[in-house]
Amino acid sequence: MAFSRGETDVLPLASGRAPGKIILCGEHAVVYGRPAIAVPVFQLQAEAMVYPDPEGVCRVEAPDIGRGVVVATAADDDPLACPVRLVCTALGRPLPPWRVLVRSAIPVASGLGSGAAVATAMARALLAAFGVSWSAAELAALVYEVEKLHHGTPSGIDNTVIAYGQPVWFVRGAAPEPFTVGTTFDLLIGDTGIASPTRLTVADVRRGREADPARFEALFDRIAAIVHEARQALAAGDRPRLGALMNANHEVLLALGVSSPELERLCAAARAAGAWGAKLSGGGRGGNMIALVDDQHRLQVTEALLAAGARRVMATTLA
Ligand code: PMV
């Protein structure tokens with residue numbers, strides 16, 4: 001459906017926003033009950049605005065990806081229709097005669113949480129339009145239902161960090177612990193430009209663990225120990241320590257089989273250009289890597305990443 005009416009000529013009833021995210025450490029092991037730390041990326045945001053629909057139909061339009069759906073007739077698993085249906089079901093309301101306009105600056109399918117951020121922004125906008133306020137935990141639970149459509153059995157880390165909008169200590173099945181950091185941490189996000197669906201690398205790790213449980217459980221335990229230390233380094237504001245832990249986490253991810261030549265190249269380039277540390281982030285094989293940098297090296301590391309083949313480099317500060 002064409003995006004027919006600009007958002008400037010009618011005032012929205014309500015709006016909602018949500019940040020992107022990266023996993024700082026603990027990916028993959030988190031699927032097996034170990035802790036992970038994820039952080040929001042406020043430099044990348046999704047936004048949803050709710051307008052009265054001129055035709056009295058409940059619809060969602062996402063001009064950035066050239067999609068629009070009428071909620072009543074969209075497929076059961078449609079990612080744009082689902083957040084609307086879930087909010088209405090949770091509130092016991094019929095589909096409202098509203099048009100939800102979605103915009104997002106978060107690259108899709110690259111481990112930056114674009115799906116969860118769009119669903120969170122939509123849920124926030126709809127709840128505000130209904131005059132209802134939800135806790136971050138309630139919001140995270142609703143967005144988890146949307147995430148399940150795309151990722152099978154996600155650990156729940158994406159929807160949690162995005163709904164809380166704060167660094168979170170995450171253990172599957174336990175209440176997430178949002179926490180604060182001891183100083184600012186500047187991160188560069190290097191995109192390999194390679195699409196790598198997370199469910200494929202998660203499935204490969206599952207197969208590896210089935211074939212050699214003792215080896216994989218030991219690797220998950222190593223990651224857990226690193227994640228515990230990383231939390232201390234974050235709280236203490238210790239950048240060199242956090243960088244060393246990121247390097248160590250990356251080595252274990254390489255041993256798990258989820259790195260790739262491109263990710264290795266980008267991590268090596270970042271370290272050689274003066275980053276405190278670097279690792280792949282998220283599902284692996286493609287997607288993104290992250291590098292912890294200080295002010296003096298930020299430009300050098302950015303240039304090194306681009307020279308080593310990064311499609312784009314994004315900067316974010318963890319504060
Ligand atoms: O690719 P991302 O950033 O969505 O991260 C996936 C993280 C995994 O631990 C590999 C899977 C999960 O569900 O937690």
Side-chain angles (χ1 to χ4, degrees), residues 18-41 44 46 79 104 106-120 140-141 143-164 167-174 176 187 189-209 216-217 219-224 226-227 230 246 249-250 252-260 262-263 266 278-290 314 316 318:
K21 74 97 206 3
I22 47 172
I23 297 183
L24 197 61
C25 49
E27 51 274 89
H28 285 291
V30 71
V31 175
Y32 299 92
R34 274 59 165 197
I37 295 171
V39 301
V41 177
L44 300 171
S104 175
I106 308 169
V108 295
S110 59
L112 292 167
S114 105
V118 164
T120 304
V143 175
Y144 185 69
E145 295 304 311
V146 183
E147 288 282 283
K148 279 204 291 200
L149 295 173
H150 313 298
H151 302 307
T153 50
S155 62
I157 193 167
D158 278 26
N159 48 297
T160 301
V161 66
I162 287 169
Y164 280 78
V168 289
W169 173 266
F170 182 88
V171 178
R172 198 169 188 164
L187 293 164
I189 306 169
D191 184 356
T192 60
I194 298 166
S196 172
T198 294
R199 71 190 147 71
L200 296 186
T201 51
V202 169
D204 280 356
V205 172
R206 187 173 301 281
R207 271 192 289 275
R209 178 175 172 270
F216 274 67
E217 288 296 325
L219 293 173
F220 297 150
D221 285 341
R222 287 240 302 272
I223 293 179
I226 291 167
V227 177
M246 286 167 63
N249 192 168
H250 182 81
V252 190
L253 289 163
L254 177 63
L256 281 178
V258 296
S259 191
S260 68
E262 295 80 9
L263 285 165
L266 295 189
K279 65 181 280 293
L280 72 85
S281 175
R285 295 270 166 76
N288 292 292
M289 51 71 68
I290 53 176
M314 294 157 277
T316 188
L318 177 54

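Atoms within each ligand, like the ligands themselves, are counted from 1 in listed order. It should be emphasised that the depicted structure is a prediction, and the values quoted were computed from it without experimental measurement. Just so you know, residue 1 is the first one in the sequence shown, and it goes up from there.
When all heavy atoms of S114 and P107 are compared, the pair lying nearest together is CB-O, 3.6 Å. Scanning both residues, R34 and A224, for their nearest heavy atoms gives CG-CB, 3.4 Å. Closest heavy-atom contact between I162 and A18: CG2-CB, 3.9 Å. Closest of all the heavy-atom pairs between R209 and E217 is NE-OE2, 2.6 Å. Of all non-hydrogen atoms in M314 and D191, the two that sit nearest each other are CE-CB, 4.4 Å.
You'll find the side chain of T160 stays beyond 4.5 Å of the side chain of Y144, heavy atoms only. Between F216 and R207, every side-chain heavy-atom pair lies at or beyond the 4.5 Å cut-off.
Counting only heavy atoms of the protein, atom 9 (O) of ligand 1 lies nearest to H28 N, 2.9 Å. Closest to atom 12 (C) of ligand 1, if we only count protein heavy atoms, is S155 OG, 3.3 Å. With hydrogens left out, the protein atom closest to atom 4 (O) of ligand 1 is D158 OD2, 3.4 Å, a heavy atom. Considering only non-hydrogen protein atoms, atom 6 (C) of ligand 1 sits nearest to T198 CG2, 3.5 Å. The protein heavy-atom contact nearest to atom 3 (O) of ligand 1 is K21 NZ, 2.8 Å.
Distances between N or O atoms of V202 and those of ligand 1 include no value under 3.5 Å. Ligand 1 has a nitrogen or oxygen under 3.5 angstrom from a nitrogen or oxygen of G283.
Atoms of ligand 1 lying under 4.0 Å from at least one heavy atom of I23, given by number and element, are 5 (O), 7 (C). Here is the list of ligand 1 atoms found below 4.0 Å of a heavy atom in V30: 9 (O), 14 (O). Near G282, meaning under 4.0 Å from one of its heavy atoms, ligand 1 places the atoms 1 (O), 2 (P), 3 (O), 5 (O). For ligand 1, the atoms lying closer than 4.0 Å to a non-hydrogen atom of E27 are 9 (O).
At distances below 3.5 Å, at least one donor-acceptor pair connects side-chain atoms of T201 with backbone N or O atoms of G283.
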